[in-house]
Amino acid sequence: SYKKGVYYSTVNNANSVSIELCDIANRPVSDEQKKTLIKVCKWLKKQCPNIQCVVRHFDVVQKDCPHYYVHNNKEWFKLQKEIMKAIGLM
């Protein structure tokens, strides 16, 4: 069982979409992965205009996922900001 993260009471399977980032356990996303991630998030924003945030699995249930970004918060916030800007949330 996992601990409650900051978004535990607001983000769940009924109101969120999970995007799996493979092969990044010990490194940041590659430029190609980042471009694809932003492209997917832009598409999701068009389909679901009420999207309000981008969070890690860790932020919901404190699971060590994605591992690299759980242990590199500065890098996570940089990536999160880049995605949110790209989809018009900032």
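Note that the structure is a prediction, hence the values are computed from the model and not measured. Here, residue 1 is the first one in the sequence, and each next residue gets the next number.
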Checklist entry - At what distance, to the nearest 0.5 angstrom, does SG of C65 lie from CD of E20? => result 6.0 Å
Checklist entry - Ignoring hydrogens and geometry, is there a side-chain-to-backbone donor-acceptor pair from Q33 to S30 under 3.5 Å? => result yes
Checklist entry - Do N13 side-chain atoms and S16 backbone N/O form a donor-acceptor pair below 3.5 Å? => result no
Item to check | Straight-line distance of Q52 CD to L89 CG, nearest 0.5 Å | outcome: 8.5 Å
Next on the checklist: Is it true that, when you exclude Y68 itself, more than 12 heavy atoms of the residues, nucleotides or ligands shown sit nearer than 6.0 Å to its OH?
Outcome noted: yes
Checklist entry - Closest heavy-atom contact between K45 and I51? => result NZ-O, 3.3 Å
Item to check | E32 atom CD: more than 12 heavy-atom contacts under 6.0 Å | outcome: no
Checklist entry - Hey, what do you get for CZ (F58) to NZ (K3), rounding to the nearest 0.5 Å? => result 9.0 Å
Checklist entry - Any side-chain donor-acceptor pair under 3.5 Å between N73 and R56? => result yes
Checklist outcome for this item: Taking every heavy atom of V29 against every heavy atom of Y69, the minimum-distance pair comes out as N-OH, 3.0 Å
Item to check | Interatomic distance, I87 atom CD1 to I83 atom CD1 [nearest 0.5 angstrom] | outcome: 7.5 Å
Checklist entry - Would K42 and K39 satisfy side chain to side chain contact (heavy atoms under 4.5 Å, CB included), going step by step from the backbone distance to the final call? => result CA-CA 5 Å; K42 283 181 176 181; K39 185 176 180 179; 5.8 Å; no
Next on the checklist: Using 0.5 Å steps for rounding, measure from the OG1 atom of T10 to the CG atom of D59.
Outcome noted: 10.0 Å
Checklist entry - Quick one: does K4's side chain have a donor or acceptor within less than 3.5 Å of a partner on V60's backbone? => result no
Next on the checklist: Please verify the inter-ring angle class for Y2 with H57; under 30° counts as parallel, over 60° as perpendicular, anything in between as tilted.
Outcome noted: tilted
Checklist entry - Which atom names give the shortest non-hydrogen contact between V54 and M84, and what distance separates them? => result CG2-CG, 3.9 Å
Next on the checklist: How close do I24 and P66 get, counting heavy atoms only, and between which atoms?
Outcome noted: CD1-CB, 3.9 Å
Checklist entry - With side chains defined as the heavy atoms from C-beta onward, is the minimum distance between E82 and I38 less than 4.5 Å? => result yes
Checklist outcome for this item: d(N72 CG, R27 CZ) to nearest 0.5 Å is 13.0 Å
Checklist entry - Among the clusters formed by ILVMFWY side chains lying less than 4.5 Å apart, do L79 and V17 turn up in the same one? => result yes
Next on the checklist: Check for me, please, whether F77 and I19 land in the same ILVMFWY cluster - side-chain distances under 4.5 Å, paths through other members count.
Outcome noted: yes
